[in-house]
Amino acid sequence: MAESRTLTLNMGPQHPSTHGVLRVLLELDGETVVKAKPVIGYLHTGIEKTMESKLYYKALPCTDRMDYLAPMSNNLGYCLAVEKLMDIEVPDKVKWARVCLAELTRVNSHLVWLGTHALDLGAMSMLLYTFRERELILDIYEACGGQRMMTSYIRIGGLAHELPKDFEQKVRNMIKIIRERLFDYEKLLTNNPIFIGRTKGVAVISAEDAMNYCLSGPMLRGSGIKHDLRKDNPYSGYENFDFEVPIGKNGDAYDRYLLRLEEIRQSFRICEQVLDGMPEGPYRAHVPGVVLPPKEDILQKMEAMIFHFKIITEGFKAPVGSVYQAIESPKGEIGFFITGDGTNKPRRVRVRPPAFVNLACLPKLVEGCLFSDVVCAIGSIDIILGEVDR
Amino acid sequence: MLEVIIISSIKVIVVVIAVLTACAYATLLERKVLGHMQNRLGPTYAGPYALLQPIADGLKLIFKEDLVLNNIEKTTFTLAPIIAFVPALLSFAVVPFAADFEMFGYPVTGVISDLNIGILWVFAVTSLGIYGIVLAGWSSSSKYSLFGGLRSAAQMVSYEVAYGLSIIGVILIANTLSMRELVDQQANIWDWYIFKQPFGFLLFITCAVAETNRAPFDLPEAESELVAGYHTDYSSMKFSTFFIAEYANMLTVAAVATTIFFGGWQGPILPPIIWFCIKVFIFMFCYIWLRATFPRFRYDQLMNFGWKVLFPLALLNTMITAAFVMLKG
């Protein structure tokens with residue numbers, strides 16, 4: 001019989017667990033997935049193109065809107081790329097503060113991931129618990145830059161403002177609370193036979209396949225490959241900090257879950273090291289004409305005011321040339337490729353989004369598995385559609 | 001004769017109203033308990049402690065537009081919620097909710113109908129409710145509904161056997177199928193069948209959760225996979241009928257578990273009906289507790305669990321009990 005016995009199911013773009021507007025075309029035989037095809041582009045907003053039409057410093061808020069759960073990481077990636085292009089060296093204090101903020105962002109992103117992933121598997125309470133914890137981190141963001149999600153706090157050449165006075169106390173307090181609560185999460189999930197049954201051996205990707213698909217972040221490390229840009233290609237002073245890069249063994253959803261929990265703990269270690277040895281210094285590099293002068297100076301000094309006015313109105317001119325700067329975002333390697341052409345706007349901005357590249361392996365993860373595993377696999381990849389579609 | 005009819009009718013009306021009200025307030029209980037377990041408040045707006053919330057919800061659902069999509073099997077689509085709902089109410093006919101009492105000089109039994117095969121009736125009728133879900137899935141145009149219906153059918157097949165076997169132990173010891181006699185046998189707290197059949201109770205409650213499609217066995221309506229499962233296409237009162245059916249089923253199971261394992265309305269000091277309600281309430285609470293704690297099973301794991309774990313255990317339990325009963329004589 002040539003008659004087709006499979007059923008085509010259109011999962012998304014409006015579906016509760018596709019984490020936004022991902023659409024997956026599934027071909028099902030009973031509940032078994034025969035073929036899966038992710039269809040993306042429903043959230044395409046042309047962010048890269050928008051950035052090309054803006055002044056360098058005005059393009060920064062666009063980066064927040066790509067991975068809206070890890071705004072600081074994106075800010076950091078973009079700022080590092082522009083700083084590389086402009087050859088700006090930022091003060092040590094800025095580097096350390098950025099490391100701390102980037103790690104807070106990692107915790108933030110992983111907490112949301114944990115909550116939504118558990119919700120996908122039916123453990124609905126986790127979502128509310130992790131969001132409660134995330135609130136502490138958002139409070140810190142708010143104290144820093146005034147924004148809770150689209151922070152734009154890390155700026156080209158430094159930070160937007162001085163760190164708040166109670167920054168250290170707030171971060172330490174947050175670390176103390178979340179560290180304890182991580183044990184509660186483990187009690188709820190790690191040894192839960194249903195959770196293990198749902199995640200162990202599900203959405204498996206071998207080390208070789210992971211390399212071939214060019215995966216990065218927890219997706220790659222879950223398969224046992226120790227690759228972390230913070231260690232392998234340190235930026236922003238990561239070489240000064242002592243932390244482990246956890247890796248998984250089986251490359252399944254359960255390993256990635258354990259790995260992300262461990263990453264949260266390692267992030268806390270880094271944050272504590274930052275707080276213990278935060279150097280004194282200015283919160284912005286002193287590069288006249290490129291980086292805004294401190295606010296106090298603007299009211300006192302003539303040059304400072306002129307530079308401030310000029311930067312705000314016409315930006316700064318970047319030299320001709322191309323740079324690529326990649327950092328380890330919570331989801332993997334996020335890279336910014338920027339080409340300057342001597343004007344005050346970038347000629348080309350291209351982002352290498354980790355979620356987009358990681359999503360490509362979805363068919364590999366789910367084909368031959370059951371329908372419920374698709375949900376688990378999507379959650380386990382930790383996609384964020386803002387970044388996939390840009 | 002006439003007084004029997006009148007008394008029975010009054011009892012039926014009272015029980016139906018009580019069950020429906022309990023269903024409505026079970027939704028509030030669920031939202032409140034779940035809320036507090038999850039570090040939120042749950043509903044707070046309608047009345048003190050949101051006590052008017054179920055009424056508000058009910059009114060809202062009644063006034064919603066009843067969407068009827070084009071590609072559905074209209075008759076079955078309309079019948080399905082009713083098929084799901086009616087059996088849940090029917091099983092209350094044999095659940096004894098109070099001791100015998102006198103009303104206006106007439107003796108009244110604390111059960112609508114003291115059927116001598118009461119337990120069998122409950123089990124027969126509750127499994128009928130699944131047809132409502134299967135038919136709803138089948139008659140809807142949505143593929144998600146179809147999956148929900150299919151899953152429900154598979155789930156029923158895997159759990160019905162173990163469900164039935166789990167209480168055979170009690171029946172063997174009690175030597176009766178009448179719910180009323182079961183309660184009478186459990187006058188003393190140490191005579192409660194939970195102590196004689198603890199294993200049977202665990203099996204029963206596990207299967208019962210699966211039977212009522214509640215977390216962690218809520219596959220037919222797994223919202224993260226199947227959107228809303230079998231009732232994706234339903235709206236307005238048809239949807240709420242499914243909703244009430246689900247809660248009525250939970251109440252049924254809670255009432256049956258109370259009657260079989262926890263001595264029904266038996267208890268000191270407080271009036272029987274209060275004891276009955278307290279015990280049912282505890283079961284409802286456990287249901288919600290389960291939902292707040294556990295992730296959901298996967299389809300194949302659920303079938304495995306039913307056939308390879310629960311079924312043999314239930315069989316074993318039955319055989320051991322039977323051997324004991326035979327040896328004792």
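Letters go in sequence order (proteins before strands), and every chain restarts at 1.
Between B:Asp300 atom CG and A:Asp373 atom CG the span is 7.5 Å, to the nearest 0.5 Å. For the atom pair B:Gln301 CD and A:Ile196 CD1, the distance stands at 11.0 Å (nearest 0.5 Å).
More than 12 heavy atoms of other shown residues, nucleotides or ligands fall within 6.0 angstrom of atom CZ in B:Phe239. Other residues, nucleotides and ligands contribute over 12 non-hydrogen atoms within 6.0 Å of the CZ atom of B:Phe242.
Using the six-membered ring where Trp is involved, A:Phe371 and B:Phe147 have ring planes that are parallel, under 30° apart on the 30 and 60° scheme.
Between the side chain of A:Ser125 and the backbone N or O of B:Gln38, no donor-acceptor pair lies under 3.5 Å.
Contact annotation for A:Tyr129: only side-chain heavy atoms (C-beta onward) come within less than 4.5 Å of a heavy atom of chain B. With a 4.5 angstrom heavy-atom cutoff, B:Leu150 does not touch chain A via any of its atoms. Looking at A:Leu127, neither its backbone nor its side chain comes within 4.5 Å of chain B, counting heavy atoms on both sides. Heavy-atom distances place the side chain of A:Arg132, and not its backbone, under 4.5 Å from chain B. Using a 4.5 Å cut-off between heavy atoms, A:Val374 makes no contact with chain B at all.
Residues passing the salt bridge (Lys or Arg N to Asp or Glu O under 4.0 Å) test with B:Glu73, sequence neighbours excluded: none.
Side-chain contact between B:Arg298 and A:Cys369 is absent, with no heavy atoms from C-beta onward closer than 4.5 Å. Under the 4.5 Å side-chain criterion, counting only non-hydrogen atoms from C-beta, B:Lys143 is not in contact with A:Leu28.
Here A:Leu9 is the residue among A:Asn10, A:Leu188, A:Leu9 with the most heavy-atom pairs under 4.5 Å with chain B. Ranked by heavy-atom pairs under 4.5 Å with chain B, the list A:Gly197, A:Ala118, A:Ser372 is led by A:Ser372.
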